Every structure is written in C-alpha cells, then in structure tokens.
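Below you'll find the structure, written out as structure tokens, and then a few comments.
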Protein chains: 2
Amino acid sequence: MKLYDCEQAPNPRRVRIFMAEKGISCETAQLNIVQGDNLSDDFLTVNPRGLLPTLVLDDGTVLDESVAICRYLEETHPEPPLMGTDAVSKAQIESRQRHMEFEGLLAAAETFRNAFPRFSKRGLGGNVGEVDAIPALVERGQASLLRFYNRLNAHLGQSRYVAGDEFTIADITALCAVDFASVAARVPVPDDCENVARWHAEVSARPSARA
Amino acid sequence: MKLYDCEQAPNPRRVRIFMAEKGISCETAQLNIVQGDNLSDDFLTVNPRGLLPTLVLDDGTVLDESVAICRYLEETHPEPPLMGTDAVSKAQIESRQRHMEFEGLLAAAETFRNAFPRFSKRGLGGNVGEVDAIPALVERGQASLLRFYNRLNAHLGQSRYVAGDEFTIADITALCAVDFASVAARVPVPDDCENVARWHAEVSARPSARA
C-alpha cells in the first residue's frame, strides 16, 4: 500500500503515529500542502477532495480520510489495540477521539488557516476553490484552544491518558492537536495546565511521536 | 438505558434513526436546545459539555457523543450492520460518514447557528459560555452546502446509497444533514441534484426516518 503524506500537516501525522504504534510501514509520497501539491491534477486523480492523508491499498482501493485509514489499520493489525476492545471501550475511545478532534484539532486548524497569509484565499482545506479567510475565526479559535487545554488538563488530572489507562487513538489526535496548536496556531499549552504538560512529555517520548 | 434527546436537533436524530433501524428503544428525556435546557445545571451534571444526544447506560456509564453512541449500539446490536462488516467496508463507511458530517452537517449547523437571532451569543454549541456569532460564516456555510449537494449528487449517480449498495450510518448522517440544511439553514436541495432527490425520497420513506 502507499500513503500520500505531508510532513508539516497534523492529519497525516495522526496516521504516521498510528502506523508506528502498530509497527506498520509502507511506501509514502510526500506532498507539500502550502505549495498546493494536494491540489495538483496528479493528486486530484487519486483523491478528488484534495485532502491528506490518503492511503491506496494494493488492490487500488482508496481510503481518503484519517480516521477511516486508522479504522482499516486497526482491523487488519489489531495489536496493540488503539481503538478499544469491547463495546464500551470502543465507544468511550471514539468519544474522546472526537472531543480531541472537534475541540482541539479543528480549533487549531481554524486559528492557523485564517491567520496564515498564504492561505488568505484558502479559508477551507482541500479542493473547494477560492474561499476567503475569515479573520474573526482567529480570535474565536484562540479562545477555543484555551478551553480545550483547560478541559484536557482537568481530564488528565483523573486519568493517565486521554481515554483512560491505555494509550489510544485519542492520545494521537490530542498530541497532533497540541503540537499544531502550539507551533502553527501559536497557542501553546498554558503554564497552569500541568497535567497536560505531564501527559505531553510522556506521549512525546514514545518513539511513534517522531514518525 | 436512557437517551437525552432533542426532537428539533440533527445530532439526536442521527441516534434515533440508528436505533430505529436496529429495533432498539429506550427511555428518553426531551430537552429543548433553543430554550437552553442543555445548559441547565441538571443536564450539565450528566454531560458537562452540554451537548445532545447523551446516552446513559444502566450501570451509569455516560456516552456523550453521537457517533460513539452509534458505535456502542452497533457492537451490542450487530444486526442489521450499519457501520460495515469487514476492514475495507468499515473504513469506507466511516470515510463516507465523516464526509457527510464535515461537508454537510457541520456546514448546515454553521449556516443556521450564525444566522439564528436567538443564537447571536451562542456561536458555538454546548457549554462554552458566550461566543459571538460570526455573520461571514453564513455565506461561507451556504456555499459549502451547495458544494456538498453537488458532490453528493455526483456520488449518488454511481451508487444507490451514500456508501455503496447498502443503507448505512452514512445515509443517516446525510439525511439529517440534508433535512437540517433544507429547513433550519434554508438551503434546500438544488433542482438539478436529481440523484440526491431520488435518494432522499427513498431514505425518507423508511420508517426510521420518522424516529
């Protein structure tokens, strides 16, 4: 199989870390989103939405979405489990994964995208034509990120990882959200979020974090 | 188990339809989001995020998120399958479900929420304090919905349902998105989207659509 990847972007990183945790490797192609490689005719033939990551299986099946790719890998490589092992844990991990996505990753993306000068006509990601950035979303996104950090901090005061006692896909999404928020969106973890800092140091020390 | 529900809102409807397709029923509590029932102290003790739907299991476990609730129900009531039966179908249905969510449901919610006078200080859903609506998001959301309809129309020219030959959770999300876009966000299916109209008539005729 072949992974269409982008080293700078948070969604491809989610899949790279997921694969590293499972011990999976495959052929990759690097595309630069800032330079618009994802909107090239060549890539749009693979994924007409123009979004990364995209995984193409050996039989040509295209999986065009981060969590869908993780789902496929979880099913084909069950160990170690990253998406739960019974009905309740699967549901709770999915819930926490989605909290990290909606509250963290989307807020970081919104804050970055609407402030980044080269994306002033790329207010939405992918193959959607020109969409003006909306400056008011930057301030809203910054406030959302502070709320995200504070909620995550409270949660991590009660549990080792984002969805309980085990490292899961929810930690992967949270790590990519925190790092993208800190660097690209310029909203770092607040000093008083000590539980987030403790957790971040622990998950960043895993070899997968460098994937 | 007990479902905290809201008849007017699209996310609780996703779970109601999912349950109806599975033949599951349970105790429900109706909350009115427009009146702010979801932000009452009573409900915030159940789900501190203040979001609906929320499912409380008999042992007190709280599932606070639409797709996580569906995942739990799929695991505990596998028939009929609505989220796939093997690695590839699970991934492809998840991908299509998320397309319907990000391209359709979120765009409809954005368009409605930022135009609805009573939500002028509730620009984001749930327990997040006062957040100003952003009028520019209405126009952007309307354009996103037209893009959503056109992509869905092209897709439904190739397959009976949103994720292939079988009715799945992707159809449920799409139906809730289309109806919420049409009525609440006031962006109905364009006349030239005949495949969407054909599909919409078919899925709306299922008994579950009235759940």
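Here is the naming used below: chain letters follow the sequence lines, and residue numbers restart at 1 for every chain. Quick caveat: nothing in here was measured; it's all calculated off a predicted structure.
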For atom [atom1] of [X], decide whether the heavy atoms of other residues, nucleotides or ligands shown that lie under 6.0 angstrom number more than 12.
X	atom1	answer
Asp59(A)	CG	yes
Gln30(B)	CD	yes
Asp191(A)	CG	no
Arg186(A)	CZ	no
Asp165(A)	CG	no
Gln8(A)	CD	yes

Given heavy-atom pairs under 4.5 angstrom as the criterion, report whether the side chain, backbone, both or neither of Ser95(B) touches chain A. both
Can you tell me which portion of Ser144(B) sits under 4.5 Å from chain A's heavy atoms? Options are side chain, backbone, both or neither.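 When you check distances to chain A, only side chain atoms of Ser144(B) fall under 4.5 Å.
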Heavy-atom pairs under 4.5 Å with chain B are the metric here; pick the option from [options] that has the most.
options	result
Ile69(A), Leu137(A), Val131(A)	Leu137(A)
Asp64(A), Thr76(A), Asp132(A)	Asp64(A)
Gly123(A), Ala68(A), Gly84(A)	Ala68(A)
Gln92(A), Glu103(A), Gln97(A)	Glu103(A)
Arg71(A), Glu75(A), Arg96(A)	Arg71(A)

Which answer fits Glu139(A), side chain, backbone, both or neither, if we ask what part of it has an atom under 4.5 Å from a heavy atom of chain B?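 Neither; nothing under 4.5 Å.
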Tell me, for Glu74(A) versus chain B, whether the close heavy atoms (under 4.5 Å) come from the side chain, the backbone, both or neither.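 Contact with chain B: none, neither part.
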Calculate, to the nearest 0.5 Å, the distance between atoms CZ and OG belonging to Arg98(B) and Ser66(A) respectively.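 The distance works out to 6.5 Å.
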Most heavy-atom pairs under 4.5 angstrom with chain A, which of Ala143(B), Ser89(B), Ala91(B)?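 Most pairs with chain A among the choices: Ala91(B).
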Do Leu57(B) and Val88(A) have side chains that get closer than 4.5 Å, going by heavy atoms? yes
CA sep, side-chain torsions, deciding dist, call: Leu124(B), Arg147(A), side-chain contact (heavy atoms from CB on, under 4.5 Å): CA-CA 12 Å; Leu124(B) 292 172; Arg147(A) 199 161 45 235; 3.5 Å; yes
Counting a contact as any heavy-atom pair under 4.5 Å apart, which residues of residues 36-55 of chain B contact chain A? Arg49(B)
Check the pair Arg151(B) / Val128(A) against side-chain contact (heavy atoms from CB on, under 4.5 Å), numbers first and verdict last. CA-CA 11 Å; Arg151(B) 284 182 174 181; Val128(A) 295; 4.1 Å; yes
